[in-house]
Amino acid sequence: MPPAGGTNFCYQALATHLPGTHPIIAFTAAPATDELTVRELAARNISEMRRIQPEGPYRVGGYSFGGNVAFEMAIQLEAAGHEVADVVIFDSNPPEAYVGGGFDDSEFFKALVQMVTTAFPGIEVSDDQIPTSMAELPALMRQYPEVAAFTEHDAIRFAHLWRQNHDSIKRHYPDRKYGGTLTILRATTAFVADQETLRIRQVGKDVWRGHATGAVRMVDVPGNHYTIFTDATLIPQVAAALQPLLG
């Protein structure tokens, strides 16, 4: 499942380092006009997934916000009587990190810039360059070749989704536990700047254990929350961490 910005390029890169016998079906976000709760988004994704694979066992996963959505999908599938073999979450914060605490427009744009500069270390943005509205975002992004390929429409859509999904997850908490195997790929380098700005609590990934009744497997991968997928030298190590699960 895609992260908060709704893109799936991270899985395209990951798939090139996985055996061809293990295809990945990568979802993209719902239209930005659809303001879905996490539960509604999970139900939508389940409906689409079952069009491709009507019956389980299912293996679902997601990066960041997408991991929380995948986890919600798993508990909905189990509640409906379907078998879920595995849930894999890529450095997703546990629900306790998100509950409560809003953020204003200035904090949102500051966090958005912090996210981009951490995902792409070559980008530096001074405080007076931080946008104050969506309309200012494309012009800022065109200054940097690392993200210049984004069209104006893509940049604004990404930002809208990123905010919408962060708002949504702050109102979500799982209403039951997951009974299958849970694998957590945990970035070894801490990065908290944008999370602090968005008032996301610093909660250890071990807290996920309280949401599962089955086996929980914690695997450390090098990099921070963003570079595990934006640094091409680290993606093979993320893929290698998945290999024992895939068999």
Side-chain angles (χ1 to χ4, degrees), residues 1-80 82-95 98 115 119 149-151 153-169 171-172 174 178 180-185 208 225-226 228-230 235 238-239 241-242 245-246:
M1 299 304 129
T7 60
N8 63 13
F9 71 87
C10 53
Y11 304 125
Q12 295 173 12
L14 182 64
T16 64
H17 297 282
L18 294 174
T21 52
H22 297 287
I24 294 177
I25 298 171
F27 282 59
T28 54
T33 53
D34 295 346
E35 295 189 10
L36 304 177
T37 67
V38 171
R39 287 188 178 86
E40 290 169 341
L41 181 56
R44 167 193 174 272
N45 290 345
I46 288 170
S47 178
E48 293 298 317
M49 182 176 69
R50 294 195 66 217
R51 290 175 58 186
I52 301 167
Q53 182 183 329
E55 301 296 333
Y58 295 105
R59 175 177 288 150
V60 295
Y63 163 48
S64 193
F65 168 82
N68 298 78
V69 174
F71 190 86
E72 175 62 27
M73 289 173 64
I75 62 179
Q76 289 187 22
L77 284 163
E78 286 190 332
H82 298 288
E83 180 184 355
V84 180
D86 302 288
V87 174
V88 181
I89 56 179
F90 298 86
D91 205 51
S92 304
N93 285 312
Y98 291 107
M115 179 270 292
F150 274 74
T151 66
H153 174 268
D154 288 340
I156 292 176
R157 180 178 184 271
F158 177 93
H160 272 299
L161 283 167
W162 202 69
R163 178 164 194 166
Q164 179 177 300
N165 287 328
H166 277 288
D167 284 337
S168 176
I169 201 168
R171 301 189 299 269
H172 175 74
Y178 163 59
T181 301
L182 175 63
T183 299
I184 303 162
L185 275 67
W208 275 111
H225 182 73
Y226 298 112
I228 59 173
F229 280 116
T230 60
I235 294 172
V238 177
L242 283 180
L245 176 64
L246 298 177

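As the structure is a computational prediction, the values presented were derived from the model and not from experiment. Residue numbers start at 1 and run along the sequence shown.
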Search all heavy atoms of Leu36 against all heavy atoms of Gln164 and return the closest pair with its distance.
-> N-NE2, 4.3 Å
Looking only at non-hydrogen atoms, find the nearest pair between Thr28 and Arg44 and report the distance.
-> O-NH1, 4.1 Å
Gap separating the CD1 atom of Ile235 from the CD1 atom of Ile228, nearest 0.5 angstrom | 9.5 Å
Atom pair CD1 (Ile25) and CZ (Arg59), whose distance is rounded to the nearest 0.5 Å | 12.0 Å
Distance, nearest 0.5 Å, that separates CG of Leu77 from CD of Glu83 | 11.0 Å
Is Ile46 close to Gln76 at the side-chain level, that is, under 4.5 Å between some pair of heavy atoms?
-> yes
Looking at residues at least two apart in the chain, or sitting in another chain, which of them share a side chain to side chain donor-acceptor pair (under 3.5 Å) with Gln12?
-> Asn8
Spacing of Met1 atom CE and Met49 atom CE [to the nearest 0.5 Å] | 6.5 Å
Identify, with sequence neighbours excluded, every residue that meets salt bridge (charged side-chain N to carboxylate O under 4.0 Å, His left out) alongside Arg50.
-> Glu55
What's the spacing between Leu242 CG and Leu185 CG if we round to 0.5 Å?
-> 5.5 Å
Any donor-acceptor pair under 3.5 Å from Arg171 side chain to Asp167 backbone | yes
Could you pull out all residues at least two apart from Phe229 that satisfy ring pair (Phe, Tyr, Trp, His ring centres under 6.0 Å)?
-> Tyr63, Phe90
Of all heavy-atom pairs between Ala74 and Val60, which one has the smallest distance, and what is that distance?
-> CB-CG2, 4.3 Å
Determine yes or no for a side-chain-to-main-chain donor-acceptor pair under 3.5 angstrom, with Thr16 supplying the side chain and Ala13 the backbone.
-> yes
Hey, could you give me the CD1/OG distance between Ile169 and Ser92, rounded to the nearest 0.5 Å?
-> 8.0 Å
Report the relative orientation of the aromatic rings in Tyr178 and Phe71; use parallel for angles under 30°, tilted for 30 to 60°, perpendicular for over 60°.
-> perpendicular
Considering non-hydrogen atoms only, spot the tightest contact between Ile75 and Pro174 and give its length.
-> CD1-CB, 4.0 Å
Across all chains, not counting sequence neighbours, the side chain to side chain donor-acceptor pair (under 3.5 Å) partners of Asn93 are Tyr98
Over 60° means perpendicular and under 30° means parallel, so classify the ring planes of Trp162 and His166, tilted if in between.
-> perpendicular
Results of side chain to side chain donor-acceptor pair (under 3.5 Å) for Glu78 - residues two or more places apart only = none
Residues that Arg39 engages under side chain to side chain donor-acceptor pair (under 3.5 Å), provided they are two or more places apart = none
Donor-acceptor pair, Glu48 side chain versus Ile52 backbone, under 3.5 Å?
-> no
